[in-house]
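To start, the structure itself, in structure tokens.
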There are 2 protein chains.
Amino acid sequence: MIDYNHPAFQYYQNVSEQCIHYLSIDGVIFGFHQNQLKVLLLRWKGTDEWSLPGGFILKTESVDLAAQRIIKERTGLQTLYLQQFHVFGETVRYNQEETWAKINLPIQGINWSERTISIGYYALVEYAEVVPATDFLTEECRWWSLDAIPALLFDHNHIIEVALQSLRKNVGDQPISHLLPDTFTIPELQRLYETILGHSLDARNFYKKIMAQNNLERLAERRAGTPHKAPYLYRFKVAFSER
Amino acid sequence: MIDYNHPAFQYYQNVSEQCIHYLSIDGVIFGFHQNQLKVLLLRWKGTDEWSLPGGFILKTESVDLAAQRIIKERTGLQTLYLQQFHVFGETVRYNQEETWAKINLPIQGINWSERTISIGYYALVEYAEVVPATDFLTEECRWWSLDAIPALLFDHNHIIEVALQSLRKNVGDQPISHLLPDTFTIPELQRLYETILGHSLDARNFYKKIMAQNNLERLAERRAGTPHKAPYLYRFKVAFSER
DNA sequence: CCAAAAGTGTTTTCCATACACCCATGA
DNA sequence: TCATGGGTGTATGGAAAACACTTTTGG
């Protein structure tokens, strides 16, 4: 049952010593590219199975910092906007046998998680700055469009769903700027809101509302290389983007 | 250091075996009485120190059910409206030595929590139905008005603050009816909203807004025994209160 | 009759929505 | 020149806010 030479064995042994049992973190990393909201997913070694990035909390580490560490490792980012959004605490969150069979790991015999309570965090990151990195259990890390996400391992489809609902509900408070590059156009910003909210917005009303907040400054340049009329570039005013 | 005969020792030994380490639940139980928002607090045996009710999660129990169990034990209620609102995961949430000295318990030597991550839940309950009950570590359980809460043990003042912010933010979605008795008056309902929101409301606008939701039915009777004009009694319509 | 709270309607303001035309650009 | 998306103002409707007087009751 247990392959003591499997790298996962060593990993879980370390985790078992240094981390808090029964508890994990799952990260829903949102990015925005080509007018689509994306999440970063990992493909497990030797399989076609995908999951969210996640990890465990060191006994000496705050939960927020654990989430940062875990997500920094997958994105290469130094600074992160993170938001805790839900604790998934059911005793049976998914079919364990089925899942372990899928990921082909000899960990069902290890005295680690009969169950796991997961604290969900979502991150808002700038797509272009992310350098996706796998961990040693996975062999591919890449962005998926929200509307094309496959059936994931564990209950991760559900977690993404809850993360999105939470983001949607709180979109007014959140620093959406983190999802965008330094400069962007108003139509791009509108697509972002539309994708998060899940419905289209009126361009004129959107423009008015955004401008009323007085958070953007228009640059002299316009976006070059578009097939049509070149849109102006904007940037979040510093006081705002520093939030 | 360790008094093996102390009842707390036995308790923590059981907890240590059956419950998840490093993790706890704290409950902010909101009630409403005499036009004031209240929370249920516990006084620790032989001290003047108060804290929120809390407890631990059985290894075999879902987090939501653990919260229900813990709060049912302190309130005697059979049904509860509960809302998970935040995870408090700092490594140092309060001064442990100081706190343990205050509560006068010989648990600092027990191999239990170097730290505790706490999942915060708030409950909305009907004040009059609650029969406050102590646990074996405490000798008094009673309601405190939100604006008269003393300095509490642990970081519980902070937890209440965060719970209140969360309730305030979500007040529109929450089943406020759980905080009220079966029948109540419009001014009472208004006081409740005012207390949660932290500012006063215009009675005429409030009346219009509440009535526009079409959730209340006016009863034939009025509230008796008031020193002034007797207000009508109302009740939430069944379809609404069943939510 | 006086003090205090209950009960109620109208006006105004503001925010959200609906809506259409011209402009710039690349193909 | 045409197709496509960018950029912008005005008018309307509905919700929220401002606002005051009459009614009821106990003392």
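The sequence lines fix the lettering, A, B, ..., with proteins before strands; numbering per chain opens at 1. What's counted below: heavy atoms across the whole structure, side chains too, no hydrogens, waters or symmetry copies.
Along DNA chain D, the nucleotide nearest A/Arg218 and the nucleotide nearest B/Pro227 are compared for position; the residue whose nucleotide lies closer to the 5' end is A/Arg218.
Rounded to the nearest 0.5 Å, atoms CD1 (A/Ile57) and OG (A/Ser24) are 7.5 Å apart. The NZ atom of B/Lys72 sits 7.5 Å away from atom OG1 of B/Thr79, with the distance rounded to the nearest 0.5 Å.
Across all strands, A/Thr226 comes closer than 4.0 Å only to sugar-phosphate atoms, never to a base (heavy-atom distances).
Heavy-atom minimum distance, B/Gln190 versus B/Asp202: NE2-C, 4.2 Å.
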Candidate pair A/Arg191 and A/Glu188, rule salt bridge (charged side-chain N to carboxylate O under 4.0 Å, His left out), full reasoning:
CA-CA 5 Å; A/Arg191 299 295 162 263; A/Glu188 282 163 4; over 6 Å; no
Using ring pair (Phe, Tyr, Trp, His ring centres under 6.0 Å), reason through B/Trp144 and B/Trp50 one step at a time and then give a plain yes or no.
CA-CA 10 Å; B/Trp144 286 75; B/Trp50 294 80; 5.0 Å; yes
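The side-chain contact (heavy atoms from CB on, under 4.5 Å) search around B/Gln36 returns B/Lys38, B/Ser145, B/Asp147, not counting sequence neighbours. A/Thr195 pairs by the side-chain contact (heavy atoms from CB on, under 4.5 Å) definition with A/Phe32, A/Leu37, not counting sequence neighbours. Take A/Tyr232 and apply the ring-ring contact (aromatic ring centres under 6.0 Å, His included) test, not counting sequence neighbours, and it matches no residue.
When rounded to the nearest whole Å, the span between CZ of A/Arg222 and P of D/dG6 equals 12 Å. Atom CG of A/Leu233 is separated from atom P of D/dG6 by 13 Å (rounded to the nearest Å). One can place CG of A/Asn35 at 14 Å from C1' of D/dG6, the figure rounded to the nearest angstrom. A/Arg191 has its CZ atom 11 Å from the P atom of D/dG7, to the nearest Å.
Side-chain contact between B/Arg74 and B/Asp135 is present, with heavy atoms from C-beta onward closer than 4.5 Å.
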Take nucleotides 15-22 of chain D nucleotide by nucleotide from the 5' end and write B, S or -, depending on whether a protein heavy atom sits under 4.0 Å from the base, only from the sugar-phosphate, or from neither.
--BBBB--
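Note that the two end axes of the helix from C/dC1-D/dG27 to C/dA27-D/dT1 enclose an angle of 0°, each drawn from 5 base pairs, rounded to 10 degrees.
On the nucleic acid side, DNA chain C contacts chain B at distances under 4.0 Å to non-hydrogen atoms, with the end points of that region at C/dA4 to C/dT10.
Between B/His156 and B/Phe154, the ring-plane angle classifies as tilted under the 30° and 60° cut-offs. Between B/His158 and B/Phe88, the ring planes lie perpendicular to each other; the angle is over 60°, past the 30° to 60° tilted range.
Under 4.0 angstrom from either OP1 or OP2 of D/dT8 there lies at least one side-chain N or O belonging to A/Tyr207.
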